[in-house]
Enquirer: 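Here it is, the structure, as structure tokens.
Indexing begins at 1, ligand by ligand and atom by atom, following the structure's order.
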Amino acid sequence: MVMLADSHCHLDFDAFDVELEEVVARARRAGVGPLLTICTRLSEFGRVQKIAERFPDVWCSVGIHPHETTNEPEAPAGRLVELARHPKVVGIGETGLDYYYEHSPRERQKEVFRRHIQAATRSGLPLIVHSREADEDTIELLEAGAASGPLTGVIHCFSSTAFLAERALALGFYISLSGIVTFRSAEALRAISRRIPDGLLLVETDAPYLAPVPHRGKRNEPAFVVHTAALVADLRGVEPEALARTTTANFHRLFNKAAAGCA
Ligand SMILES: [Zn+2]
Ligand SMILES: [Zn+2]
């Protein structure tokens with residue numbers, strides 16, 4: 001059986017406190033192999049890192065979510081690069097811009113995003129990008145980053161326009177689809193999802209948020225990525241096994257520190 005990869009989840013969140021072992025075990029039983037648990041606050045990085053250390057084939061990232069940029073202390077690119085040396089850290093983020101909630105001022109979000117872009121270039125690790133209602137500024141900063149050094153990454157939980165998809169793909173960025181693609185209202189996203197090249201497609205849960213149909217509204221967990229993957233396979237007219245093979249190979253190509261099958 002080909003295992004799926006959940007390219008983005010938050011296993012350190014309180015929602016998983018009491019039964020993390022069981023959540024990881026359920027993912028494995030459902031056919032989900034590699035899990036990438038994402039850091040949103042540097043102050044929580046220790047907790048995220050410990051979870052990655054505890055389980056084989058669970059990886060982590062280091063970064064500051066755009067929502068948290070005013071709450072978190074200054075983190076120069078060099079600090080992110082240093083923390084990213086840990087063998088289980090495979091990406092920089094999540095970072096980016098969120099103008100929908102705008103929990104932090106836009107200028108502050110941009111400044112912190114730029115530092116993460118620098119850290120990705122300097123460490124050679126992929127950038128994990130969160131973008132909501134901020135397409136123009138997101139692509140402007142990514143293009144500027146790519147012009148000044150090697151840069152790769154993923155637009156996670158993609159829910160933006162075809163404009164951002166096309167420009168990000170042109171930069172060689174991957175696009176990761178979450179449970180949103182299964183929601184009844186997501187027709188525009190499904191249209192975009194059909195056109196992502198095979199080599200740049202990922203799937204994720206963003207658990208504990210955004211559970212896919214048929215679990216919509218409940219707490220999400222990595223096992224549920226199978227529902228998103230099944231729908232995406234159907235949209236693209238391929239067998240679920242073929243989609244798993246493609247997206248897991250993509251996961252390992254992008255997050256190449258997460259060597260296949262090793263701890
Ligand atoms: Zn996000
Ligand atoms: Zn996230």
Enquirer: Strictly under 2.8 Å of the Zn ion (ligand 2): which protein N/O/S atoms qualify?
Expert: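 For the Zn ion (ligand 2), the protein N, O and S atoms that sit under 2.8 Å away are His8 NE2, His10 NE2, Glu94 OE2, Asp206 OD1.
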Enquirer: If you look at every heavy atom in Ser61 and Ile128, which pair is closest and at what distance?
Expert: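 Between these two residues, the closest heavy atoms are CB-CD1, 3.7 Å.
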Enquirer: Kindly check if the number of other-residue, nucleotide or ligand heavy atoms within 6.0 Å of OH (Tyr100) is above 12?
Expert: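 12 or below, so no.
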Enquirer: Tell me whether Arg132 forms a cation-pi arrangement with Tyr99, defined as NZ or CZ under 6.0 Å from the six-membered ring centre and within 45 degrees of its axis.
Expert: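 No - Arg132 does not lie over the ring of Tyr99 by the 6.0 Å and 45° rule.
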Enquirer: Under 6.0 Å between the ring centres of His116 and Phe113?
Expert: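 No, the ring of His116 stays outside the 6.0 Å limit from the ring of Phe113, centre to centre.
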Enquirer: Tell me whether Arg167 is salt-bridged to Glu143, with the criterion being a basic N under 4.0 Å from an acidic carboxylate O.
Expert: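 The answer is yes: the pair qualifies as a salt bridge.
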Enquirer: In terms of relative ring orientation, are Phe13 and Tyr209 parallel, tilted or perpendicular, with 30° and 60° separating the classes?
Expert: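 Phe13 vs Tyr209 ring planes: perpendicular.
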